[in-house]
Amino acid sequence: MTMPSTGLPNDADALVSMLLDPPFVRDPYPVASRLREVAPVHRTNRGFWLVSDAASVEQLYRSPTMRIGFDTARLEQDPQFANSPSLQLFKRMLPFMDPPDHTRIRRVLAPYFTPRVMAGLRHYAEDLVDRLLDRLEADGGGDLVYDFANDIPVAVVCHLLGGVGEEDQVQCREWAEGLVDAIHPECTDEMQRTADEAAVAFGAYAEQIIAGKDGSGDDLVSCLVREHKDGNLDTQELVGTVTTLIGAAFHNTRNHIASGVYELLRHPDQLALLRGDPDLVPLATEELLRYDPPVQMTIPRITTTDVVMGDVKIGSGVLVAGLITGANRDPGRYSDPDRLDIRRDEGASIAFASGIHSCLGIVMARMEAQIAIGRFVQRFRSARLIDENPDIDLRAQPLTRGYQQIRIAL
């Protein structure tokens, strides 16, 4: 995965351009590490600050003086904000909210994402993964992205939600992909149109699911309908929450599962360790998240006061984003950070965020990855990569990272 850092520039803005501008660098980790070394807290020439060391990214997540402020930031930058369905939908989605609304809605959802509830989903997830592995075996291989990982996260969360048929899940995935376009730091008019079209269709679909529930069932949408009737969610928040749960469950977990298997196949020593000791699966999936996180950069925050990050003072009312690629390879946080070590036990990475905005579905995502990756490596002992260097999904960059396809033979 990691290329040598020789030949990389020392100019911080040149490094930022390599990470954020097409054609994107294939291997972002040496570039992010060089940026962390040169300017861990950097005022870019793009109108926002970028922090890349572990301590500053953690501070970005946890500081009460940093607001998500997605609507405020876009309102200042985009005069069409009020007419954008996708940006309006984001205002009602949990990842883009600040307290007290964020606290209230997270409190509503938290009881449905506990380890106990996820344990109840485990058998469904295991059966799903086994069926997908059966298909791969029958075909003699396939694509880790679209023949395996793609079908897991949306199916599991839709099973929890209730009311989303299998025939609709492909469409939900497409809408989720479309929405991602609008959260890139530099969103073009075409990307905004794609996201807006997805938001209209996705929102209408969520309203249809909600309309079919009277709140008497035990599925999650029925529970949310009851919360709505009790006054804990307004109508827009109800729609935004349903779309969040479907959309957020898909993209990152899919990429984590696919790239996790890919990295193990590229590191036969680590693959052999995992096959020899299946109890290492939880540590292995955490290490794979650290080594190649599906989310590469945080949603920008807005400072509400002057703040000191590292040894740099940042003023109030400016955007700050965190580079997870740099933080997860910070030698101040991890020993020998460029090495994949599935026995590493240095605490969880920040791949699932941290603080009040830590991923609500973290238990679900971990369960899915552990089942999918663990069962794959134990079942297919002769699996091999057909393409050693598969193409990166450019549409997902630079905020997220995944592959267009990863072809394997069994």
Side-chain angles (χ1 to χ4, degrees), residues 93-95 109 112-113 115 117-119 121-122 124-133 143-161 164 166 169-170 172-180 183 202 220 242-264 281-282 284-299 324 328 348-353 357-377 392-393 395-397 399-406:
M93 296 175 77
L94 187 67
L109 290 171
Y112 307 107
F113 288 88
V117 174
M118 293 304 109
L121 282 174
R122 188 172 188 87
Y124 174 83
E126 290 172 340
D127 181 67
L128 171 65
V129 168
D130 286 341
R131 285 188 280 115
L132 294 171
L133 295 178
D143 174 12
L144 284 175
V145 180
Y146 286 99
D147 295 332
F148 183 50
N150 198 56
D151 291 329
I152 298 170
V154 168
V156 174
V157 78
C158 287
H159 183 73
L160 175 66
L161 283 165
V164 183
E166 289 188 13
Q169 291 174 16
V170 172
C172 287
R173 291 195 296 263
E174 291 176 359
W175 289 329
E177 292 274 26
L179 282 174
V180 169
I183 60 174
F202 209 171
L220 182 50
V242 172
T243 54
T244 298
L245 293 173
I246 298 174
F250 161 59
H251 196 269
N252 298 330
T253 305
R254 178 198 69 184
N255 289 343
H256 171 37
I257 291 170
S259 66
V261 175
Y262 169 69
E263 290 300 337
L264 287 170
V281 166
T285 53
E286 287 300 315
E287 171 67 351
L288 291 163
L289 269 175
R290 182 200 69 82
Y291 190 76
D292 192 19
V295 178
Q296 301 268 292
M297 183 175 169
T298 71
I299 298 168
I324 296 172
N328 275 2
S349 74
I350 55 173
F352 282 119
H357 285 287
S358 60
C359 177
L360 178 69
I362 189 170
V363 178
M364 176 183 285
R366 282 177 170 147
M367 176 191 71
E368 292 166 356
Q370 290 171 17
I371 292 170
I373 294 172
R375 281 170 125 78
F376 180 96
V377 301
I392 301 293
D393 181 3
R395 178 176 174 179
Q397 291 186 296
L399 289 185
T400 63
R401 176 177 166 85
Y403 294 92
Q404 290 184 17
Q405 64 175 5
I406 303 172

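What you are looking at is a predicted structure, and each value in this text was computed from that prediction instead of being measured.
Between Leu133 and Arg375, the closest side-chain pair of non-hydrogen atoms falls below 4.5 Å. The shortest side-chain heavy-atom distance between Val261 and His256 does not fall under the 4.5 Å cut-off. Side chains of Ile152 and Thr253 form no contact here, defined as non-hydrogen atoms less than 4.5 Å apart. Between Leu220 and Phe113 the shortest side-chain heavy-atom distance falls below 4.5 Å. Between Phe202 and Ile246, some side-chain heavy-atom pair lies under the 4.5 Å cut-off. Counting heavy atoms from C-beta on, the side chains of Tyr403 and Ile392 come closer than 4.5 Å. Counting only heavy atoms from C-beta outward, the side chains of Leu289 and Pro294 approach each other to under 4.5 Å. Side-chain contact between Leu160 and Met118 is present, with heavy atoms from C-beta onward closer than 4.5 Å.
The two atoms that bring Ala125 and Val156 nearest to each other are CB-CG2, 4.2 Å, heavy atoms only. Minimum heavy-atom separation, Ala353 to Cys359: CB-N, 4.5 Å. In terms of heavy atoms, Ala372 sits closest to Ile257 at CB-CG2, 3.8 Å. Residues Ile406 and Ala258 come closest through the heavy atom pair CD1-O, 3.7 Å. Scanning both residues, Gln404 and Tyr146, for their nearest heavy atoms gives O-CE1, 3.1 Å. Smallest separation of non-hydrogen atoms from Thr244 and Leu94: OG1-N, 4.0 Å.
Proximity of a side-chain donor or acceptor of Arg290 to a complementary backbone N or O of Asn328 within less than 3.5 Å is detected.
We find the CG-CD distance between Leu288 and Glu263 to be 7.5 Å, quoted to the nearest 0.5 Å. Distance check, rounded to the nearest 0.5 Å: CD1 of Ile324 to CE of Met297 gives 9.5 Å. In this structure, the separation between NE2 on His251 and CD on Glu177 is 4.0 Å, given to the nearest 0.5 Å. Distance check: Glu368 CD to Arg122 CZ gives 11.0 Å after rounding to the nearest 0.5 Å. Distance CD1/Ile373 to CZ/Phe148: 8.0 Å, rounded to 0.5 Å.
Looking at residues two or more places apart in sequence or on another chain, you find a ring pair (Phe, Tyr, Trp, His ring centres under 6.0 Å) between Tyr124 and His159. Not a single side chain to side chain donor-acceptor pair (under 3.5 Å) links Asp143 to another residue, sequence neighbours left out.
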Exercise for the section: Walk me through it: do Asp151 and Arg173 pass the test salt bridge (Lys or Arg N to Asp or Glu O under 4.0 Å)? Expected result: CA-CA 9 Å; Asp151 291 329; Arg173 291 195 296 263; 3.6 Å; yes
Practice task
Walk me through it: do Leu264 and Phe376 pass the test side-chain contact (heavy atoms from CB on, under 4.5 Å)?
Solution key: CA-CA 11 Å; Leu264 287 170; Phe376 180 96; over 6 Å; no
Practice task
Carefully, step by step, assess Met367 and Val363 under the rule side-chain contact (heavy atoms from CB on, under 4.5 Å).
Solution key: CA-CA 6 Å; Met367 176 191 71; Val363 178; 5.6 Å; no
Practice task
Using the side-chain contact (heavy atoms from CB on, under 4.5 Å) rule, take Val157 and Met364 through it: C-alpha gap first, then chi angles, then the decisive distance, then the call.
Solution key: CA-CA 8 Å; Val157 78; Met364 176 183 285; 4.1 Å; yes
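Side-chain atoms of Arg254 and Asn150 form a donor-acceptor pair, as typed in the model, at a separation below 3.5 Å.
Checked options Asp292, Asn252, Asp393, Asn255; the residue passing with Arg401 is Asp292 (criterion: side chain to side chain donor-acceptor pair (under 3.5 Å)).
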